[in-house]
Amino acid sequence: MSHRPFPGRRSVLRGSLAASAALSLPTALGAAPAFARSGRPQAQWGVQAGDVTCDSGLVWVRSDRPARMIVETSATESFRNPRRWHGPLLGPGTDFTGTTPLRGLPPGEQIHYRVLLADPDDPRRTGEPVTGTFRTASAERRDGVRFVWSGDLAGQGWGINPDLGGYRIYRAMADLDPDFFLCSGDNIYADGPITSTVALPDGRTWRNVTTEEKAKVAETLAEFRGNFRYNLLDENLRAFNAQVPSIIQWDDHEVTNNWYPGEILGDTRYTEKNVDVLAARARQAFSEYFPISTLRRPGGRVYRVQHHGPLLDVFVLDMRTYRNANSPDDQPTDPQGILGREQLEWLKRGLSRSRAVWKVIASDMPLGLVVPDGTNIEAVAQGDPGKPLGRELQIAELLRFIKHRRITGTVWLTADVHHTSAQHYQPSRAAFTDFEPFWEFVSGPLNAGAFPANTLDGTFGPERVFVKAPTTANVSPAGGYQFFGEVDIDGGSGELTVRLREQDGTVLFTQVLQPGRVGQ
């Protein structure tokens with residue numbers, strides 16, 4: 001493997017980052033910050049980095065009170081000759097969160113950063129610095145790329161369990177020293193309250209860390225914000241955020257289960273029934289708690305492309321905001337589909353213009369797995385193995401475009417279904433044949449209930465080459481079945497290797513893909 005090692009990063013993990021991650025949290029876990037009249041601002045929720053390219057990155061922090069964000073960067077852990085970046089004033093309008101863009105960074109280098117929070121009335125008064133690190137994308141193909149992906153965190157009432165060591169899967173992902181982490185959605189379960197204990201089928205008791213905001217479904221902006229803060233109570237996640245930059249997308253549980261625009265809820269747990277109102281509040285909290293520059297712009301959006309040097313472009317989809325209503329999904333025409341026309345055309349343009357060896361399509365829902373919503377359909381496939389219908393028509397249009405434009409190196413990554421699998425799509429097995437073969441890899445959950453494998457739909461000819469899933473529904477993380485995936489692109493050969501892993505890092509399945517092929 002030609003991926004360049006960075007031995008200094010391991011020492012950072014054992015040293016300053018571990019210390020930063022272990023900073024004490026507020027006594028009332030997850031509570032809104034107190035407006036202290038004395039003392040110095042504190043960054044008790046850790047740091048994150050995102051939007052990392054060859055020469056830039058975006059650093060995130062949350063303060064416990066009004067503060068000015070300051071970032072210092074250096075090529076060394078000692079922060080000799082640091083470069084200083086002046087960030088925004090953090091206040092209640094963004095729940096005391098903020099980001100600072102870093103530009104003009106050297107490509108392919110380890111960037112050490114520390115965030116200081118200064119008293120707005122006295123800049124000399126700063127809190128204890130919180131440190132982090134990330135690696136800028138290399139401009140040289142020979143350096144290779146490695147990243148991990150998964151999704152689905154704190155779902156089905158399975159939260160931070162101190163008896164199990166919290167979100168342990170983040171330790172295993174950090175051990176691989178990835179360039180970044182792709183979260184394929186369901187970063188929170190705003191519709192999933194968390195109780196202090198849950199009885200397990202074998203007679204044991206699952207214990208959760210609990211907070212006020214997680215005691216009910218999220219409806220207010222404060223409750224959505226509290227859902228994001230809940231996950232940051234986990235030491236493993238805070239340490240991981242400080243070591244590995246992220247590419248974040250959303251799916252349904254950031255708002256509520258299986259939502260679509262215009263929906264009016266019949267769920268009696270909600271007093272606010274208008275999903276569009278809930279989605280607007282969730283979107284604001286989502287934009288506040290992750291370093292995503294496209295969401296902070298006017299008319300900001302979740303879908304975007306992240307360029308990671310000459311080897312990789314990551315096309316991040318949004319299958320929520322622009323979808324049509326969930327239905328039996330068997331209509332013969334469907335111009336809106338699951339992506340909406342504007343996003344589909346953006347994706348087609350981006351893929352055709354990309355010069356990267358590999359184009360990862362980060363999809364928050366699978367293509368050929370049937371995901372029901374009661375008697376309706378939640379994802380793309382509806383179980384009819386014949387010609388494309390409903391949302392399948394939009395995917396057929398995209399696959400046809402990839403074939404006829406001779407676009408090489410497309411790979412689909414997703415989560416959502418709470419098991420891990422690998423599907424190969426082949427025209428010779430399909431009802432719709434005007435496309436080139438490609439792979440779809442599924443991973444997750446990170447820390448949520450595990451579920452049996454979904455039924456395949458034959459329209460695009462999928463073959464399930466590998467699957468690991470429980471035979472019963474909602475198996476707790478104590479029962480296993482927690483997964484993440486790894487993608488490793490070799491800088492010399494250009495080969496892309498996918499490894500599906502369990503939460504301790506054990507490799508379950510490996511697939512090596514060759515570069516330069518249309519589709520893949």
Side-chain angles (χ1 to χ4, degrees), residues 147-160 166-174 176 178 180-192 231 234 236-237 240 244 246-254 257-258 290 314 316-317 319-320 360-371 378-380 411-423 439-454 464 466-470 472-487 498-509 511:
F147 69 93
V148 292
W149 95 93
S150 188
D152 313 302
L153 185 59
Q156 290 72 51
W158 311 113
I160 302 169
Y167 299 155
R168 296 175 296 167
I169 196 168
Y170 285 94
R171 301 180 205 168
M173 292 195 295
L176 295 176
F180 63 87
F181 169 56
L182 167 64
C183 187
S184 300
D186 293 342
N187 296 267
I188 61 169
Y189 278 69
D191 58 332
N231 286 332
D234 183 75
N236 305 297
L237 177 54
F240 183 81
V244 182
S246 61
I247 299 176
I248 304 291
Q249 66 188 137
W250 75 349
D251 192 29
D252 57 335
H253 291 288
E254 284 84 1
N257 187 45
N258 296 352
F290 292 114
V314 181
V316 181
L317 303 187
M319 289 179 158
R320 282 290 145 195
V360 163
I361 302 176
S363 173
D364 44 301
M365 302 207 76
L367 298 184
L369 280 65
V370 180
V371 184
E378 159 70 351
V380 174
V411 179
W412 293 73
L413 302 182
T414 188
D416 181 68
V417 289
H418 297 230
H419 65 259
T420 189
S421 66
Q423 286 80 234
W439 284 88
E440 174 187 56
F441 299 96
V442 179
S443 193
L446 288 160
N447 190 97
F451 287 81
N454 297 61
R464 188 176 276 137
F466 172 81
V467 63
K468 184 167 184 180
T472 58
N474 197 19
V475 174
S476 82
Y481 297 102
Q482 309 294 295
F483 306 107
F484 69 95
E486 173 196 7
V487 174
V498 177
R499 300 181 183 92
L500 301 179
R501 294 177 179 265
E502 291 191 287
Q503 74 172 359
D504 64 357
T506 300
V507 175
L508 300 170
F509 173 81
Q511 181 68 45

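Partners of A362 according to the side chain to side chain contact (heavy atoms under 4.5 Å, CB included) rule, which considers only residues two or more places apart in sequence or in another chain, are L182, Q249, V314. Shown here are the side-chain hydrogen bond (donor to acceptor under 3.5 Å, both in side chains) partners of E440, two or more places apart in sequence or in another chain: Q423, Y425. Legend: residues meeting side chain to side chain contact (heavy atoms under 4.5 Å, CB included) with N258, ordered by chain and number and at least two apart, are D252, N326, D373, E378. Applying the ring-ring contact (aromatic ring centres under 6.0 Å, His included) test to F181 and every residue at least two apart in sequence or in another chain returns F240. For A172, the side chain to side chain contact (heavy atoms under 4.5 Å, CB included) partners are F484, not counting sequence neighbours.
You'll find the side chain of F509 stays beyond 4.5 Å of the side chain of V467, heavy atoms only. The shortest side-chain heavy-atom distance between D251 and R320 falls under the 4.5 Å cut-off. Side-chain contact between T506 and R501: absent, with no pair of heavy atoms (C-beta onward) separated by less than 4.5 Å. For the pair M173/V244, no side-chain contact is recorded, criterion being any heavy-atom separation below 4.5 Å from C-beta on. A 4.5 Å side-chain heavy-atom check between N187 and N231 finds every atom pair outside the cut-off. At a threshold of 4.5 Å between non-hydrogen side-chain atoms, the residues E486 and V507 do not count as touching.
The two atoms that bring I248 and C183 nearest to each other are CD1-CB, 3.7 Å, heavy atoms only. Shown here for P470 and F451, the closest heavy-atom pair between the two residues is CD-O, 3.3 Å. Among all heavy-atom pairs drawn from P445 and S150, the shortest one is C-OG, 4.1 Å. Pairing each heavy atom of A379 with each of P366, the nearest pair is CB-O, 4.0 Å. When all heavy atoms of A415 and V442 are compared, the closest pair comes out as O-CG1, 3.9 Å.
If you take CG on L413 and CZ on F441, they are separated by 7.5 Å, rounding to the nearest 0.5 Å. The distance from atom CG of L508 to atom CZ of R499, rounded to the nearest 0.5 Å, is 12.5 Å. How far CG of L446 is from NE2 of H418: 9.5 Å, rounded to the nearest 0.5 Å. To the nearest 0.5 Å, the span separating CG on N257 from CG on D186 amounts to 8.5 Å.
Checked against the 6.0 Å centroid criterion, the rings of F147 and W149 do not qualify as a close aromatic pair.
Put simply, the side chain of D364 gets close to the backbone of M319: a donor and an acceptor are under 3.5 Å apart. Side chain of S363 to main chain of T414: no donor-acceptor pair is present (N/O by atom type, distance under 3.5 Å, no hydrogens or angles).
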Please list, one pair per line, the donor and acceptor atoms closer than 3.5 Å that link side chains of residues 152-160 to other protein atoms, with sequence neighbours excluded.
{"residue": "D152", "atom": "OD2", "partner": "D416", "partner atom": "N", "Å": "3.4"}
{"residue": "Q156", "atom": "OE1", "partner": "G449", "partner atom": "N", "Å": "3.0"}
{"residue": "W158", "atom": "NE1", "partner": "N474", "partner atom": "OD1", "Å": "2.9"}

Requested in this report: For side chain to side chain contact (heavy atoms under 4.5 Å, CB included), just list the numbers for Q503 and N447, CA-CA rounded to whole Å, side-chain angles, deciding distance to a tenth of an Å, and then say yes or no.
Outcome: CA-CA 9 Å; Q503 74 172 359; N447 190 97; 5.9 Å; no

**Report entry** K468 and E502: CA distance, side-chain angles, deciding distance, salt bridge (Lys or Arg N to Asp or Glu O under 4.0 Å) verdict
**Finding:** CA-CA 10 Å; K468 184 167 184 180; E502 291 191 287; 2.7 Å; yes

